[in-house]
**Student:** 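Questions regarding the structure given below will be posed in turn.
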There are 2 protein chains.
Amino acid sequence: MEFGPDDQIDYEHPVTPYRQLGDILRARIERGDWSPNRPIPSEARLVQEYGLARTTVRRTIKLLVDEGVLFVVPQRGTYVAEPGAEGESPGKA
Amino acid sequence: MEFGPDDQIDYEHPVTPYRQLGDILRARIERGDWSPNRPIPSEARLVQEYGLARTTVRRTIKLLVDEGVLFVVPQRGTYVAEPGAEGESPGKA
DNA sequence: AGTCATTTGTGCGTATGTATC
DNA sequence: TGATACATACGCACAAATGAC
């Protein structure tokens, strides 16, 4: 990988912070830090963990949600989507 | 089943605990654990059985009452409604 | 009548997460 | 950045009604 940051945000990097965070989260999910249907850290948590503004973190989340990597449950949290589940919903169950 | 919990509460599950309990109770009723016009365990019982706060248990009960699955008799208990009886009364006795 | 145990009803406070402005 | 709103969950404590003794 030439540009994808690893686990820290680099403001001088050509890739925007929110995309860097996207790469980081994607990598952490792939690495197994968080499993499908399991919550990732809260927005506030990610903010302090990576020293980013909440706006930025939310932008990243939206990015991954659009990619089908994450899904958000209002008033609950953000979860890891199941692999190959582009437009899945938690469904009721 | 993709999301519906079975018989234990999972706090990291995308579905809120009170809804999970709703799924559980609905299943137990359908399974025949408790019959129509028979009381389900008291709120206190459910609290210790599932490790939830009473607030949460009550939220679940309200959910099922609204669905017509259960009906509450103040100071007496919570009962299983008869199938297809949306607004029935126990008819005292 | 009085007491006790059980069960639902209610209110207050605290914490966490996302949603919105 | 900050404030506020909403949904959810926990804990505690007390009130009120019921039923058994």
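Values below: every heavy atom of this structure, side chains too, minus hydrogens, waters and symmetry copies. Numbered from 1 within each chain, the chains take letters A, B, ... in sequence-line order.
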**Student:** Quantified as the angle between the terminal helix axes (five pairs each), what is the overall bend of the helix from C:dG2-D:dC21 to C:dC21-D:dG2 to 10 degrees?
**Tutor:**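 Axis angle across the helix from C:dG2-D:dC21 to C:dC21-D:dG2, nearest 10°: 20°.
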**Student:** Tell me every residue that passes side chain to side chain donor-acceptor pair (under 3.5 Å) with B:R58, counting only those two or more places apart in sequence or in another chain.
**Tutor:**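 B:E43.
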**Student:** Quick one: on DNA chain C, does A:I40 or B:T78 contact a more 5' nucleotide (nearest heavy atom)?
**Tutor:**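 The residue closer to the strand's 5' end, by nearest nucleotide, is B:T78.
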**Student:** Considering heavy-atom distances to DNA chain C, does B:R58 or B:R45 have its closest nucleotide positioned more toward the 5' end?
**Tutor:**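 In this pair, the answer is B:R45.
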**Student:** Taking side chain to side chain contact (heavy atoms under 4.5 Å, CB included) as the test, write out the residues that go with B:V47, two or more places apart.
**Tutor:**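 Counting only residues at least two positions away or on another chain, B:V47 forms a side chain to side chain contact (heavy atoms under 4.5 Å, CB included) with B:R54, B:V57.
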**Student:** Is the shortest side-chain N to carboxylate O distance from A:D66 to A:K62 below 4.0 Å?
**Tutor:**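 Salt bridge between A:D66 and A:K62, a charged N being under 4.0 Å from a carboxylate O: yes.
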**Student:** With a strict under 4.0 Å distance from non-hydrogen atoms of chain B, what nucleotide opens and what nucleotide closes the contacted stretch of DNA chain C, reading 5' to 3'?
**Tutor:**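 The protein-touched segment is C:dT7 to C:dT10.
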**Student:** Under 3.5 Å between N/O atoms: give me all the protein pairs with nucleotides 7-9 of chain D, atom names plus distance.
**Tutor:**
from	atom 1	to	atom 2	distance (Å)
D:dA9	OP1	B:P17	N	2.5
D:dA9	OP1	B:Y18	N	3.3

**Student:** For B:V72, check side chain to side chain contact (heavy atoms under 4.5 Å, CB included) against everything at least two apart and list the hits.
**Tutor:**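 Applying side chain to side chain contact (heavy atoms under 4.5 Å, CB included) to B:V72 gives B:I61, B:V65, B:T78.
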**Student:** For B:Q75, give me all partners under side chain to side chain donor-acceptor pair (under 3.5 Å), at least two apart in sequence or on another chain.
**Tutor:**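 So B:Q75 forms no side chain to side chain donor-acceptor pair (under 3.5 Å) with any residue.
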**Student:** Applying side chain to side chain contact (heavy atoms under 4.5 Å, CB included), can you list everything that pairs with A:P17, at least two apart in sequence or on another chain?
**Tutor:**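 If we apply the side chain to side chain contact (heavy atoms under 4.5 Å, CB included) test to A:P17, skipping adjacent residues, the hits are A:I9, A:Y11, A:L52, A:T56.
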**Student:** Identify, with sequence neighbours excluded, every residue that meets side chain to side chain contact (heavy atoms under 4.5 Å, CB included) alongside A:R45.
**Tutor:**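 Here the qualifying residues are A:P41, A:S42, A:Q48, A:E49.
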**Student:** Between atom CD in B:E43 and atom P in D:dG11, what is the gap in whole Å?
**Tutor:**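 It works out to 15 Å between those atoms.
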**Student:** Any carboxylate oxygen within less than 4.0 angstrom of a Lys/Arg side-chain nitrogen, looking at B:D23 and B:R28?
**Tutor:**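 Looking at B:D23 and B:R28, the cut-off is not met.
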**Student:** Going by side chain to side chain donor-acceptor pair (under 3.5 Å), name the residues that satisfy it together with A:Y79, two or more places apart in sequence or in a different chain.
**Tutor:**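 With neighbours one apart ignored, the set is empty.
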**Student:** Under the ring-ring contact (aromatic ring centres under 6.0 Å, His included) test, which residues partner A:Y18, sequence neighbours left out?
**Tutor:**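 None.
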